[in-house]
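FYI, side chains are in, hydrogens and waters are out, and symmetry mates aren't considered; it's all heavy atoms of this structure. Letters go in sequence order (proteins before strands), and every chain restarts at 1.
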Amino acid sequence: MFELLCIESHFKHVDHFFVTFDTLDALSLLKNEKKYFAHHPTNRNIKNFIKNIFFTWKILRREKPTLILSTGAGISVPFMILGRLLKIKTIYIESLTRIEELSLSAKMNAFFIDLFLVQWPELEDVSKKRFYWGNVL
Amino acid sequence: MIAAFTGTEKFAFNRLVSMMDAISNQNSDWGSVFIQTGSCTKVPKYCEWKSLIPFEAVCEQMNQADVVICHAGAGTTMLAIRLGKIPILVPRKKALGEHVDDHQLLFSGKMEHLKKAYVANDENELKILLKKGKNAFKTELKKEPKKSTLIVKLNAWMEHRGGS
């Protein structure tokens with residue numbers, strides 16, 4: 001989430017909402033923001049993954065966004081997949097911590113992403129439409 | 001003062017708790033030692049600690065600390081750097097059940113290579129780094145924020161491809 005807030009100048013002037021987990025840092029960082037809390041943890045957690053699929057569908061049908069921007073991780077998967085099915089533009093920015101290998105979330109999302117950005121040149125692969133445009137450092 | 005952070009991962013990072021307990025118990029050069037323990041099951045004996053603290057409290061701890069020590073998570077690392085610190089990163093390791101894989105090892109190595117952080121893999125390495133002195137762990141904060149090419153290109157993409 002902190003990585004997403006590092007690029008907030010890109011979206012803070014348009015209608016937007018956040019999807020994250022109800023952790024202490026999320027509550028304080030997003031206290032003045034519209035937000036929804038997904039089921040967590042999501043790391044290798046099939047039960048929460050399935051619950052989040054229904055959660056995501058409900059949010060997308062209610063809010064009808066025109067763009068989904070995500071920095072991962074597990075919660076991004078249902079949003080990228082269902083977002084693409086609903087013809088919503090999808091942007092995925094791989095985590096700053098991923099230097100040489102994509103995260104599992106990124107691998108699962110790859111087919112459903114309109115714009116796939118990585119934060120280190122080592123992961124750029126233009127043939128697979130994976131681009132490096134700089135990072136949040 | 002030393003402030004350490006294990007982040008909010010579901011995986012416990014008891015190894016960092018042990019390292020900070022050893023530092024706190026054996027070395028009084030740095031004053032008090034605080035650790036945010038997160039999901040750790042080990043309770044510190046010699047450090048001040050809390051499992052979770054609000055974001056504002058994290059910032060306050062980092063600002064006040066002479067040294068910031070943290071797991072090599074993106075958010076914690078970036079926050080320390082943005083607050084003008086050169087943190088000591090202790091990467092979580094998959095083999096020890098501390099994360100799903102070893103991406104923190106690569107990330108901490110990258111940050112060290114860019115001279116934005118130091119890396120300590122164990123207590124001995126941490127003690128050696130702490131001999132550097134206070135000035136080694138802070139940097140000048142930039143008055144003007146760096147222009148982000150990522151944001152410039154994102155905005156350009158949006159103009160051409162639609163969405164809002």
Side-chain angles (χ1 to χ4, degrees), chain A residues 1-11 13-16 21 23-31 40-45 65-69 71-74 88-91 93-104 114-115 117-120 122 131-137, chain B residues 5 7-11 36 38-39 50-59 71-82 89 91-92 99-111 113-114 116-117 145-158 160-164:
Chain A
M1 184 184 58
F2 193 72
E3 291 185 80
L4 202 59
L5 288 173
C6 288
I7 57 167
E8 69 170 342
S9 64
H10 170 65
F11 56 79
H13 298 300
V14 299
D15 283 342
H16 63 274
F21 306 133
T23 57
L24 264 183
D25 52 343
L27 287 169
S28 37
L29 282 166
L30 302 180
K31 62 183 170 195
H40 70 102
T42 55
N43 276 341
R44 296 2 181 214
N45 189 312
T66 53
L67 170 71
I68 300 170
L69 173 61
T71 53
I88 302 169
K89 288 269 187 286
T90 53
I91 300 176
I93 303 176
E94 179 65 296
S95 170
L96 186 70
T97 59
R98 296 290 171 174
I99 314 284
E100 293 180 0
E101 186 181 358
L102 294 176
S103 62
L104 177 60
D114 289 310
L115 177 61
L117 299 175
V118 293
Q119 297 200 54
W120 300 103
E122 289 93 327
F131 303 104
Y132 167 67
W133 285 357
N135 58 41
V136 297
L137 272 178
Chain B
F5 302 87
T8 55
E9 276 295 335
K10 73 171 188 180
F11 300 98
Q36 173 266 324
S39 54
K50 284 199 173 164
S51 60
L52 293 169
I53 54 176
F55 179 74
E56 292 84 1
V58 174
C59 293
H71 82 133
T76 316
T77 304
M78 284 168 49
L79 180 60
I81 291 171
R82 286 195 169 215
L89 302 182
R92 290 168 175 264
H99 216 312
V100 297
D101 57 27
D102 284 329
H103 69 279
Q104 287 205 0
L105 283 167
L106 284 171
F107 176 63
S108 55
K110 184 68 132 179
M111 291 296 101
H113 175 71
L114 294 174
K116 292 190 177 291
K146 187 177 73 172
K147 192 176 179 184
S148 169
T149 57
L150 179 56
I151 292 177
V152 169
K153 289 187 175 183
L154 263 176
N155 288 336
W157 188 87
M158 290 309 305
H160 287 100
R161 297 293 185 102
S164 61

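- Put simply, the side chain of A/S28 gets close to the backbone of B/F55: a donor and an acceptor are under 3.5 Å apart.
- For B/D101, the salt bridge (charged side-chain N to carboxylate O under 4.0 Å, His left out) partners at least two apart in sequence or on another chain are A/R98.
- The line from CD of A/Q119 to NZ of B/K110 is 12.0 Å long, rounded to the nearest 0.5 Å.
- Neither the backbone nor the side chain of B/A57 comes within contact range of chain A, judged by heavy atoms closer than 4.5 Å.
- Contact count versus chain B (heavy atoms, under 4.5 Å) is highest, among A/T71, A/T23, A/L115, for A/L115.
- Between atom OG1 of residue A/T97 and atom CE of residue B/M111 there is a gap of 9.5 Å, rounded to the nearest 0.5 Å.
- No part of A/I88 comes within reach of chain B, as not one of its non-hydrogen atoms sits under 4.5 angstrom from that chain.
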Practice item. Quick one: do B/V100 and A/L104 satisfy side chain to side chain contact (heavy atoms under 4.5 Å, CB included)? Show the steps, please. Key: CA-CA 10 Å; B/V100 297; A/L104 177 60; over 6 Å; no
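- In this structure, chain A has a heavy atom under 4.5 Å from the side chain of B/L114, while its backbone stays farther away.
- Considering only heavy-atom pairs separated by less than 4.5 Å from chain B, the leading option among A/I93, A/D25, A/L96 is A/L96.
- Interface residue B/K153: backbone and side-chain heavy atoms are both found under 4.5 Å from chain A.
- Both the backbone and the side chain of B/L106 come within less than 4.5 Å of a heavy atom in chain A.
- Counting heavy-atom pairs closer than 4.5 Å to chain B, the top-ranked of the candidates A/Y132, A/W120, A/F21, A/F131 is A/W120.
- Contacts between B/Q104 and chain A at a heavy-atom distance below 4.5 Å are absent for every atom of the residue.
- For the atom pair CE of B/M78 and CG of A/L137, the computed distance is 6.5 Å after rounding to the nearest 0.5 Å.
- Looking at every heavy atom in both residues, A/V136 comes nearest to B/R82 through O-NH2, 3.0 Å.
- With rounding to the nearest 0.5 angstrom, the CD atom of B/E56 is 9.5 Å from the CG atom of A/L24.
- Every residue was checked against the salt bridge (charged side-chain N to carboxylate O under 4.0 Å, His left out) condition with A/E100, not counting sequence neighbours, and none meets it.
- When the shell of 6.0 Å around NZ of B/K50 is examined, it contains 12 or fewer heavy atoms from other residues, nucleotides or ligands.
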